[in-house]
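To start, the structure under review is shown below, and the notes come after it.
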Amino acid sequence: MASSAQSGGSSGGPAVPTVQRGIVKMVLSGCAIIVRGQPRGGPPPERQINLSNIRAGNLARRAAATQPDAKDTPDEPWAFPAREFLRKKLIGKEVCFTIENKTPQGREYGMIYLGKDTNGENIAESLVAEGLATRREGMRANNPEQSRLSECEEQAKAAKKGMWSEGNGSHTIRDLKYTIENPRHFVDSHHQKPVNAIIEHVRDGSVVRALLLPDYYLVTVMLSGIKCPTFRREADGSETPEPFAAEAKFFTESRLLQRDVQIILESCHNQNVLGTILHPNGNITELLLKEGFARCVDWSIAVYTRGAEKLRAAERFAKERRLRIWRDYVAPTANLDQKDKQFVAKVMQVLNADAIVVKLNSGDYKTIHLSSIRPPRLEGENTQDKNKKLRPLYDIPYMFEAREFLRKKLIGKKVNVTVDYIRPASPATETVPAFSERTCATVTIGGINIAEALVSKGLATVIRYRQDDDQRSSHYDELLAAEARAIKNGKGLHSKKEVPIHRVADISGDTQKAKQFLPFLQRAGRSEAVVEYVFSGSRLKLYLPKETCLITFLLAGIECPRGARNLPGLVQEGEPFSEEATLFTKELVLQREVEVEVESMDKAGNFIGWLHMDGANLSVLLVEHALSKVHFTAERSTYYKSLLSAEEAAKQKKEKVWAHYEEQPVEEVMPMLEEKERSASYKPVFVTEITDDLHFYVQDVETGTQLEKLMENMRNDISSHPPVEGSYAPRRGEFCIAKFVDGEWYRARVEKVESPAKVHVFYIDYGNREILPSTRLGTLPPAFSTRVLPAQATEYAFAFIQVPQDEDARTDAVDSVVRDIQNTQCLLNVEHLSAGCPHVTLQFADSKGDVGLGLVKEGLVMVEVRKEKQFQKVITEYLNAQESAKSARLNLWRYGDFRADDADEFGYSR
């Protein structure tokens, strides 16, 4: 029980009772009330005061639900009139009281006076005088208070008031109804007609127990359209309040508890009634919202009869001022700087029909999604051939028209971007892929809202939201109006006509079709095209609108740095400045209308030629910016002089691909061409990984400290800004960070994505591979990319040996190499190059012993005989070692020389 509301006297019955004050919160019965103090920073303390020396009848009590055999207890005669007498006289009023007695159980008995001092009306005497209470039996009138009570009782008897009137008082007993047989019919019978009621109990700020008059229905009323914080019931029966639950409850209690009100019954939910409570001082529903004690809820706001827009406005008022439950409310763009909310940017790419990539003034790229619209999509069961791969741009109706509308309007243009909201990243599930954070904005150009223009042409639809969801376009109403116009006029997606079909032939990599098409393109001279994709600085995918086909196009006359490539069983690192060349080409021509001259095609069915944009030759521009070198095939071209001139100027600047350029005298080159001696220039390396086919990955010892420093800085950066689990969506060929089994993060590259739970990665600094879930991957911070430090693991194979084709024999050889050299420092010499990777000899760092020769001596591998003159000396040494192993019948040779009869079967050759 709360302590005294005001004044500081002891409550233990002193000789001179201390006068204390409070406000009457609730009348429990004709002889008991609850008083409270003034609120200070939260709900005030409370205490129950029982009137001394008198007794009033007990009110009705409902049987406990846990006791099925128990019965409801009715009112005692005159109990309810006594309660009502006190309720109307005291609720919300200030009283003073003295405590005369306190039982061991903590019940307090005393005298209560209306007003600020004991000169006010004595409540016990008033009750007795009205015949609504009696003196307790056995009480003697041995003090002035008891004498006055005795006099009041005698006067009531004489006047036949209350319980002293004729009859047994049965007419004062209420016929309480705790349940309603047909709640829907009950509500409909009162619809929009205010019902008089008394609020008997407040469960939380928006749920009360009301006594409906005059029929005495005791019903639970939930305020329509809102919900306040509640008290959560725990397993042990205790209740835990949500933030501001107690404050919201007090707000409603102090205004409605045991007040006479009117209730508009609006709907029902099980045995609970949905309604609006009207009080002479205002509408409690709107007040709770405006004070930040409640939020709007969609499921019941529709039945609110006094205008849902009023509730929205009240909620918005509290949100803007961050009141109570909205104290941590953040507007959709509140955490953005003004420069990030509104900015001007250049459109570089259109992604389907609802997103664009823009270049900011800082040079950074940002993907912007158009707010509140949805691009065209396949609806229901589609006739799409299941054996044919879906191409959204061409196969989804109106997707191509929508993309083309945006491309022609926006590519290369500056637009105004106003950010409306940020959609947070969502992790991947079994059915839905992960989505990274999305910036959704209204994009305008020349005062035209691009999303609105798209919707008005029927090339996109408007997303519908929950009524309480304010993450939507700042021009949402205009979008809805534009959609209504498009539907009315039958535009685009809303048209009754047949949907447009785009039969676009993709002849990329189709050698047969490319051969048939080549003469036509050669004769056409310059053809119009749209650059659909940029693979690298000199490799593009083009759409030829007149021919309605897609081709792969290689720039003629130049040698551009190769980008990283994934080949079967091999990951090839990108050459220096390959990424810069790709970015240069993207910025210049991606999704632009260009002209192309086709000269020839390669074996893979890719067309080779010249690409012009606004009169400029892209090959010449790449050479001019030191991102490509001139290829000897350019000599036959009319653009050869332009290319040479551009290359000479780039060489003089010594930038990018020419950064280390030094003119070499011809006479110094010639002797090298005739060099026939084997070059033995061993360098120290650290072996990090051995593969199952006996290839191995090494790190250059000289750059080892750089890698250690980069890894340390990268892990510090990641620990300060850890990636959001599941926010990274892996794509094949992309660099990323991956968490290894040791719990540390390493640089890696995605090789294959089977599913979000199975992503194949290659650790680019160590050479090992692993299959991980996408939750253990993250975006590689730019400060630690391969531009800063190239991948440190380089793949090599042993020179002069043949790896056994038999699986068991190969495993023996691999196990031996793992034992001898994995995670050790060795000496490496490149002997010759091949299509896969360089072939080398490897020496132990201490003994200088040849590792490959050791494998031959142990009979674990066979010698690969090469014809080159410079290798004859070392080949002879390897063959002698092989003969020794054969004589000793070691491993492969345990059954003698098997090659004569079984060479073909086992894959060996002499």
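Position 1 is the first residue of the sequence; numbering continues from there.
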Salt-bridge criterion met for [X] and [Y] (N-O under 4.0 Å):
X: K25; Y: E46; result: yes
X: E239; Y: R232; result: no
X: E121; Y: K89; result: yes
X: D75; Y: R174; result: yes
X: E84; Y: R87; result: yes

Please check this pair: side chain of [X] against backbone of [Y], looking for a donor-acceptor N/O pair closer than 3.5 Å.
X: S727; Y: V724; value: yes
X: S224; Y: V303; value: no
X: E125; Y: L149; value: no
X: R322; Y: D328; value: no
X: R233; Y: G237; value: yes
X: K310; Y: E286; value: no
X: R321; Y: G292; value: no
X: R423; Y: Y421; value: no
X: S371; Y: S473; value: no
X: R259; Y: L257; value: yes

Handout entry: Any pair counted as side chain to side chain donor-acceptor pair (under 3.5 Å), so long as it reaches residues 154-168, sequence neighbours left out
Key =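 Residue pairs passing side chain to side chain donor-acceptor pair (under 3.5 Å), neighbours aside: N168-S170.
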Can you tell if the side chain of [X] reaches within under 4.5 Å of the side chain of [Y], non-hydrogen atoms only?
X: L211; Y: L176; answer: yes
X: L288; Y: C228; answer: yes
X: V27; Y: I91; answer: yes
X: H279; Y: L256; answer: yes
X: I422; Y: E437; answer: yes
X: Y329; Y: E320; answer: no
X: Q258; Y: I199; answer: no
X: N122; Y: M111; answer: yes

Just wondering, more than 12 heavy atoms not from [X] lying within 6.0 Å of its [atom1]?
X: R209; atom1: CZ; answer: yes
X: Q262; atom1: CD; answer: yes
X: K116; atom1: NZ; answer: no

Practice task
From the options I33, I34, I99, select the one residue that forms a side-chain contact (heavy atoms from CB on, under 4.5 Å) with R47.
Solution key: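 One option only clears the test, and that one is I99.
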Exercise for the section: Could you point out which residue of I112, I23, V95, L90 forms a side-chain contact (heavy atoms from CB on, under 4.5 Å) with V35? Expected result: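 Of the listed options, the one satisfying the test is V95.
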Exercise for the section: Walk me through it: do Q48 and N50 pass the test side-chain hydrogen bond (donor to acceptor under 3.5 Å, both in side chains)? Expected result: CA-CA 7 Å; Q48 178 178 330; N50 301 281; 3.2 Å; yes
Practice task
For side-chain contact (heavy atoms from CB on, under 4.5 Å), just list the numbers for L278 and R306, CA-CA rounded to whole Å, side-chain angles, deciding distance to a tenth of an Å, and then say yes or no.
Solution key: CA-CA 11 Å; L278 304 179; R306 302 177 72 82; 4.0 Å; yes
Please give me the minimum heavy-atom distance between [X] and [Y], naming the atom from each residue.
X: Q192; Y: I264; value: CA-CG2, 3.9 Å
X: V207; Y: M222; value: CG2-CG, 4.2 Å
X: N58; Y: A79; value: O-CB, 3.3 Å
X: A60; Y: Y178; value: CB-OH, 4.1 Å

Exercise for the section: Output, in order, the C-alpha distance, side-chain angles, deciding distance and verdict of side-chain hydrogen bond (donor to acceptor under 3.5 Å, both in side chains) for Y304 and T285. Expected result: CA-CA 10 Å; Y304 184 71; T285 306; 5.2 Å; no
Problem - Contacts of E291 that satisfy salt bridge (Lys or Arg N to Asp or Glu O under 4.0 Å) - sequence neighbours left out - result: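 R324.
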Handout entry: Worked verdict on Y109 versus R107 for side-chain hydrogen bond (donor to acceptor under 3.5 Å, both in side chains)
Key = CA-CA 7 Å; Y109 292 86; R107 289 173 67 90; 3.3 Å; yes
Exercise for the section: Please identify each residue that fulfils side chain to side chain contact (heavy atoms under 4.5 Å, CB included) with N182, with sequence neighbours left out. Expected result: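 N182 satisfies side chain to side chain contact (heavy atoms under 4.5 Å, CB included) with R184, H185 only.
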Exercise for the section: Could you walk me through whether T276 and E266 pass side-chain hydrogen bond (donor to acceptor under 3.5 Å, both in side chains), step by step? Expected result: CA-CA 7 Å; T276 299; E266 293 165 332; 2.9 Å; yes
Practice task
Go through the steps to decide whether L114 and I123 satisfy the test side-chain contact (heavy atoms from CB on, under 4.5 Å), and finish with yes or no.
Solution key: CA-CA 7 Å; L114 186 61; I123 299 303; 4.3 Å; yes
Handout entry: Partners passing side chain to side chain donor-acceptor pair (under 3.5 Å) against E153 (at least two apart in sequence or in another chain)
Key = none
Handout entry: Worked verdict on I180 versus V219 for side-chain contact (heavy atoms from CB on, under 4.5 Å)
Key = CA-CA 8 Å; I180 302 172; V219 299; 3.4 Å; yes
Exercise for the section: With rounding to the nearest 0.5 Å, note down the distance linking NZ in K249 to OG in S254. Expected result: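 Going from the NZ atom of K249 to the OG atom of S254 covers 12.5 Å.
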Practice task
Go through the structure and list residues passing ring-ring contact (aromatic ring centres under 6.0 Å, His included) with Y217, not counting sequence neighbours.
Solution key: F186
Handout entry: Stepwise salt bridge (charged side-chain N to carboxylate O under 4.0 Å, His left out) test for E483 and R464
Key = CA-CA 12 Å; E483 186 176 54; R464 265 47 179 187; 2.6 Å; yes
Practice task
Check the pair E181, T179 against side-chain contact (heavy atoms from CB on, under 4.5 Å), reporting the backbone distance first and the verdict last.
Solution key: CA-CA 6 Å; E181 288 186 8; T179 58; 5.9 Å; no
Practice task
Identify whether NZ of Lys or CZ of Arg in R83 sits under 6.0 Å from the centre of the six-membered ring of W78 and within 45° of that ring's axis.
Solution key: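 Checked: cation-pi criterion not met.
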Exercise for the section: Could you list all the ring pair (Phe, Tyr, Trp, His ring centres under 6.0 Å) pairs where at least one residue sits in residues 220-253, not counting sequence neighbours? Expected result: F251-F293
Practice task
Indicate whether the side chain of D204 and that of T230 have a donor and an acceptor atom separated by less than 3.5 Å.
Solution key: no
